[in-house]
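One structure is given below, encoded as structure tokens.
Reminder, nothing fancy here: chain letters follow the sequence lines and each chain counts from 1. Because only heavy atoms are used, hydrogens play no part in the values below, and waters and symmetry mates are left out as well, while side chains stay in.
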Amino acid sequence: MENMYKIEIVLGSLHTEALLEILNKKGISGYTIIPHVKGKGDRVEYDGLGLNDAFSNNYIIIVVDEEILQKVKEPIRNFLSKYGGACIISDCLWLKQ
Amino acid sequence: MENMYKIEIVLGSLHTEALLEILNKKGISGYTIIPHVKGKGDRVEYDGLGLNDAFSNNYIIIVVDEEILQKVKEPIRNFLSKYGGACIISDCLWLKQ
Amino acid sequence: MENMYKIEIVLGSLHTEALLEILNKKGISGYTIIPHVKGKGDRVEYDGLGLNDAFSNNYIIIVVDEEILQKVKEPIRNFLSKYGGACIISDCLWLKQ
Amino acid sequence: MQLDVLVNNLLSAPVLFFFLGLIAVLAKSDLEIPQPVSRFFSIYLLFTIGIKGGEELAHSQWNAEVFLSLLLAVFMSAGVPLYAYFFLRRKFNSYDSAAIAATYGSISVVTFISAVAFLKEVNLDFGGHMVAAMTLMESPALIVSLFILKNTIKSDSAESKVSWAKLLHESLVNSSVFLILGSLFVGIVASEKSHNELAPFTEGLFKGFLALFLLDMGIVAAKRISALAKGGVFLISFAIILPLINASIAIILSYFLGISHGNAFLLAVLSASASYIAVPAAVRLTIPEANPGLFVPMALAITFPFNITLGIPLYYFITQALWT
Amino acid sequence: MQLDVLVNNLLSAPVLFFFLGLIAVLAKSDLEIPQPVSRFFSIYLLFTIGIKGGEELAHSQWNAEVFLSLLLAVFMSAGVPLYAYFFLRRKFNSYDSAAIAATYGSISVVTFISAVAFLKEVNLDFGGHMVAAMTLMESPALIVSLFILKNTIKSDSAESKVSWAKLLHESLVNSSVFLILGSLFVGIVASEKSHNELAPFTEGLFKGFLALFLLDMGIVAAKRISALAKGGVFLISFAIILPLINASIAIILSYFLGISHGNAFLLAVLSASASYIAVPAAVRLTIPEANPGLFVPMALAITFPFNITLGIPLYYFITQALWT
Amino acid sequence: MQLDVLVNNLLSAPVLFFFLGLIAVLAKSDLEIPQPVSRFFSIYLLFTIGIKGGEELAHSQWNAEVFLSLLLAVFMSAGVPLYAYFFLRRKFNSYDSAAIAATYGSISVVTFISAVAFLKEVNLDFGGHMVAAMTLMESPALIVSLFILKNTIKSDSAESKVSWAKLLHESLVNSSVFLILGSLFVGIVASEKSHNELAPFTEGLFKGFLALFLLDMGIVAAKRISALAKGGVFLISFAIILPLINASIAIILSYFLGISHGNAFLLAVLSASASYIAVPAAVRLTIPEANPGLFVPMALAITFPFNITLGIPLYYFITQALWT
Ligand SMILES: Nc1ncnc2c1ncn2[C@@H]1O[C@H](COP(=O)(O)O)[C@@H](O)[C@H]1O
Ligand SMILES: Nc1ncnc2c1ncn2[C@@H]1O[C@H](COP(=O)(O)O)[C@@H](O)[C@H]1O
Ligand SMILES: Nc1ncnc2c1ncn2[C@@H]1O[C@H](COP(=O)(O)O)[C@@H](O)[C@H]1O
Ligand code: NA
Ligand code: NA
Ligand code: NA
């Protein structure tokens with residue numbers, strides 16, 4: 001088992017691709033996306049309702065080591081400040097196969 | 001970055017609105033809902049199957065500070081003891097924009 | 001409140017039943033499944049796209065105590081090494097009803 | 001000839017697809033209908049029943065028999081829980097008893113549809129107001145059951161919070177009732193041209209979507225049936241005997257009130273049917289203490305298949321004997 | 001007779017279902033259309049409009065009037081943001097103004113469908129190329145709005161990144177435009193036999209799916225309407241006045257360009273309509289600073305219902321007065 | 001005239017929508033069919049094929065040719081993996097070879113549908129039992145492939161666990177097979193009246209849903225195609241040559257067994273087709289070591305489009321030359 005960091009990002013569905021492109025360039029080894037997530041924060045409510053994806057969030061989970069964490073922190077912050085969304089970081093153990 | 005607490009609640013879909021109403025009154029600043037979640041605990045299995053939402057869970061994530069955490073703990077406990085569901089709490093860092 | 005461990009597993013949808021069967025035998029008290037999750041790791045991309053479930057992940061959350069954690073760690077590792085997937089473990093507090 | 005009617009009913013495509021769904025689960029097939037698709041089927045069915053019901057309502061005469069049958073509908077929905085609850089209390093706690101009573105006082109839309117298809121098969125007329133009668137039966141049972149529950153258990157903090165205004169409101173706007181009522185209204189005001197334009201959708205596709213919806217119901221019924229094991233023989237007998245009692249009462253009352261054959265038959269079927277969609281959802285909210293592993297599978301996995309296979313022909317034979 | 005037309009329009013099944021959706025939310029019903037089902041409805045509608053539009057296009061004559069009306073379509077979509085933006089800037093910041101301007105320059109497919117149904121009701125002809133005209137109006141407004149935005153705000157790092165090539169590309173391949181264009185193409189090349197085979201799907205089901213889609217739109221419109229409260233009277237008046245201005249300009253220009261009655265009416269409706277599906281999604285990507293709580297509900301909850309209830313008959317009366 | 005047949009096939013609405021789906025992804029459009037909607041399409045198609053196949057089966061004669069063609073169907077499905085596996089082992093490891101062999105021994109329902117539509121276009125008869133033949137071909141290939149795999153690799157702990165009983169069971173109840181078999185059964189026992197009532201659903205909507213399903217397949221195929229890059233020319237040639245070999249063997253055997261023209265053609269198409277829904281799912285479970293980035297895109301993105309565009313006319317020309 002390895003000590004890692006778990007980054008969780010809630011982000012408008014339409015912006016996910018752009019963020020992942022940035023993070024892939026920084027060297028993340030993988031990601032998990034839970035689509036069709038609803039939520040409410042400071043901005044408009046994301047009720048996940050019909051017609052288009054403009055009001056639907058993705059929940060993105062990225063497990064990284066300390067080094068990558070430091071590399072991606074700022075880009076995520078910048079991205080979210082432009083496009084909205086929330087991000088939390090916590091410790092975890094990665095069960096290596 | 002700020003030290004915060006992450007509250008995760010698994011709750012029957014039909015009861016989510018009522019719980020959020022209670023928590024909004026206690027001053028939470030936002031929430032995220034993952035709908036159509038399945039699960040099994042002590043009570044009936046939530047298989048998420050058709051017809052209605054009576055057998056489908058929501059996964060609710062709420063990031064709060066220490067003060068709000070203390071305010072919402074008891075209301076959540078009471079609510080879950082009446083309507084079923086599970087709740088876990090953990091530390092996290094909130095990446096401020 | 002009780003100190004517990006949160007096990008999070010990302011696993012191909014088709015393999016979930018088999019893993020849960022194994023873990024139920026080890027004595028887990030419940031589980032939560034978020035279906036239709038997308039992701040990318042070392043293996044093929046899970047884009048969650050149509051036709052069948054072969055390219056769709058489940059996100060499985062299992063809260064356990066220390067004793068069960070020790071019992072399930074190896075079985076999970078073995079299972080994932082055969083069928084792919086990822087697993088992380090973290091601390092949490094279980095809000096007892 | 002009577003056997004013919006029974007066999008034809010059993011071999012109709014929708015009934016067969018219900019059993020196909022049951023078998024799928026028992027044979028451990030991975031066949032599943034995704035929830036949004038299942039919702040689409042039920043939206044389609046409610047929409048269509050409303051539109052067609054509205055069309056028929058617009059053309060139907062309003063006479064004493066119509067009012068009597070609407071009244072009897074409400075009476076049955078409100079009355080069933082009254083005796084069912086006390087019957088159930090011998091084996092179950094108050095919460096489960098109230099939940100099951102509410103379930104059996106209310107109705108099943110698909111059972112009603114099967115009964116209407118059956119009537120068309122045997123060429124028996126019925127009133128255009130019967131869809132309205134069905135809608136009227138959706139909610140009274142839950143209200144009565146909650147009333148009984150509140151008055152039999154010592155009202156402590158939690159239970160005393162039942163808000164009757166909220167409950168009445170909820171019973172009018174819950175999605176099934178609202179969609180049928182709304183479509184009924186559109187069906188009433190829509191022009192004949194409008195109905196003709198909608199017909200390929202509402203009439204043309206009806207049997208197909210009904211068959212697929214029943215496939216789904218069969219799957220869900222089979223998945224829930226294991227939860228019944230604990231309830232044992234009592235539960236299963238109850239889930240068959242209560243419909244028989246309810247149907248009998250509806251038939252007797254219809255007979256003495258002079259209600260026509262077709263309408264009496266439909267009232268019997270409605271009284272015998274139990275809700276497995278709208279009421280269970282409402283019960284989860286209003287009686288969270290009740291075990292959904294009881295009231296849902298009883299209605300869905302025992303009473304529903306009983307009614308659409310044996311119950312409907314049986315109620316028909318009884319009414320036929322009395323009315324002709 | 002003129003009142004008849006208005007009333008018939010208000011009592012058509014799709015319009016009634018839109019209001020049913022509104023009422024569902026206002027009455028706090030839990031009626032909801034799951035998102036995948038909602039997508040299915042819109043895929044069906046775009047597919048059908050494309051196929052039928054292609055069939056008509058294949059049979060239509062290409063003359064000067066056709067080219068003029070296509071040109072006017074693009075002109076209106078590109079022109080509306082030019083005056084709308086500066087009008088809006090009096091009350092809103094640059095981002096919101098550009099977003100709203102893009103929304104109103106673009107079009108609403110369902111409004112167009114309602115207008116076509118209306119034309120059939122009043123027996124007025126229109127050109128087979130009008131679906132193409134509609135498609136041409138989807139994107140210019142966003143491009144023009146972004147252009148204005150970029151030139152009015154001091155271009156700092158973020159904004160200067162607008163890639164026009166990417167934007168043009170995006171405006172051709174966004175899912176709505178792509179599906180209509182593709183289906184249009186299939187509709188053009190498909191044989192008559194093919195069209196006949198598709199007819200039960202495309203023609204038979206159209207009204208039914210349209211009614212269900214409008215039910216969904218009503219629900220979503222009502223859920224978003226509360227966000228408008230902050231904007232107040234100005235916002236709501238704007239959402240009605242701008243369509244009237246746009247329709248008037250389209251009518252006047254059509255008149256002087258010698259465009260036929262039916263086509264002029266459709267161009268008026270298209271100009272008056274505002275996008276609430278494709279453009280809002282594109283605006284979220286290109287102008288993330290704009291508040292979606294403004295431009296979506298304005299188009300969906302005010303302009304759309306205004307157009308399909310009062311706007312369409314009104315534009316028809318005006319064109320009728322001018323053309324006959 | 002032969003070119004006509006080819007061109008007509010290429011310009012049929014479903015084929016065009018497959019290419020539209022491909023182009024959508026290549027042009028980076030965001031057009032996507034939500035998974036539940038995609039499931040609904042395939043449930044509809046399997047339901048309809050089963051019902052219609054059952055109807056035809058009920059009316060078809062059982063003679064020696066019918067039994068021979070059913071036998072040949074099973075023989076082809078079981079036989080293909082036998083030679084395909086050893087051919088594949090030259091380039092791939094045992095796991096991937098077995099997975100690809102299973103994929104190509106099994107069949108594609110949509111390819112079969114396209115072939116049936118083609119037969120109707122060219123007015124050639126075929127037997128009502130061919131849907132049954134198709135269903136029989138779903139599973140043998142996987143069983144044979146697993147058998148080969150188990151006997152060629154040194155059986156260590158994991159692999160030796162293959163439970164043949166479980167596998168046989170699984171191959172009968174996997175959702176596609178189960179739904180077709182069940183619908184086939186309902187189609188056989190349903191009355192003519194029942195079939196007529198279902199016809200607007202099963203027949204009326206077929207082409208429309210098929211076109212939308214192919215749009216989805218085109219999108220998924222294009223998204224998966226990049227994974228093929230590593231396999232290179234060998235993979236792509238294999239995905240075209242193997243179908244040609246399989247079809248040729250099926251044609252030769254059919255010819256010598258005296259199978260009729262239409263049935264021989266369908267057996268050739270079935271043998272040439274490869275599974276991209278049912279078998280890939282089963283392979284993920286039974287051969288988790290195999291790379292799904294190989295066997296899925298080969299079947300879906302190369303073999304499927306090859307068959308429905310060029311393969312079907314080609315197999316037809318060959319059989320036509322031999323049979324007439
Ligand atoms: N305190 C919170 N707890 C959980 N989720 C949050 C919280 N605040 C914001 N979010 C999520 O982040 C999304 C974007 O937040 P915002 O940009 O503040 O509107 C919301 O739609 C929520 O899903
Ligand atoms: N040990 C556990 N780990 C993860 N989820 C759980 C656990 N126990 C219960 N749950 C979730 O909480 C829901 C309600 O639990 P219960 O009220 O105990 O039936 C279940 O349907 C599960 O989704
Ligand atoms: N670093 C990571 N962070 C988050 N999720 C991951 C990560 N690596 C892998 N995953 C998830 O685990 C699944 C299986 O991983 P793998 O077996 O490595 O392809 C992927 O589809 C992702 O959903
Ligand atoms: Na009843
Ligand atoms: Na416009
Ligand atoms: Na094959």
Between D216(F), V37(F), L285(F), the one whose heavy-atom pairs under 4.5 Å with chain C are most numerous: L285(F)
Contacting moiety of F213(F), where chain C heavy atoms sit under 4.5 Å: side chain
Stacked cation flag R224(F) on Y276(F), 6.0 angstrom / 45 deg: no
All pairs passing side-chain hydrogen bond (donor to acceptor under 3.5 Å, both in side chains) where residues 14-27 of chain C contributes a residue, at least two apart: T16(C)-N58(C)
Y85(F) vs S145(F), side chain to side chain donor-acceptor pair (under 3.5 Å): CA-CA, chis, key distance, verdict: CA-CA 8 Å; Y85(F) 178 83; S145(F) 300; over 6 Å; no
Expected output: side-chain S106(F) to main-chain S139(F) donor-acceptor under 3.5 Å: no
Part of R284(F) within contact of chain C (heavy atom distance under 4.5 Å): both
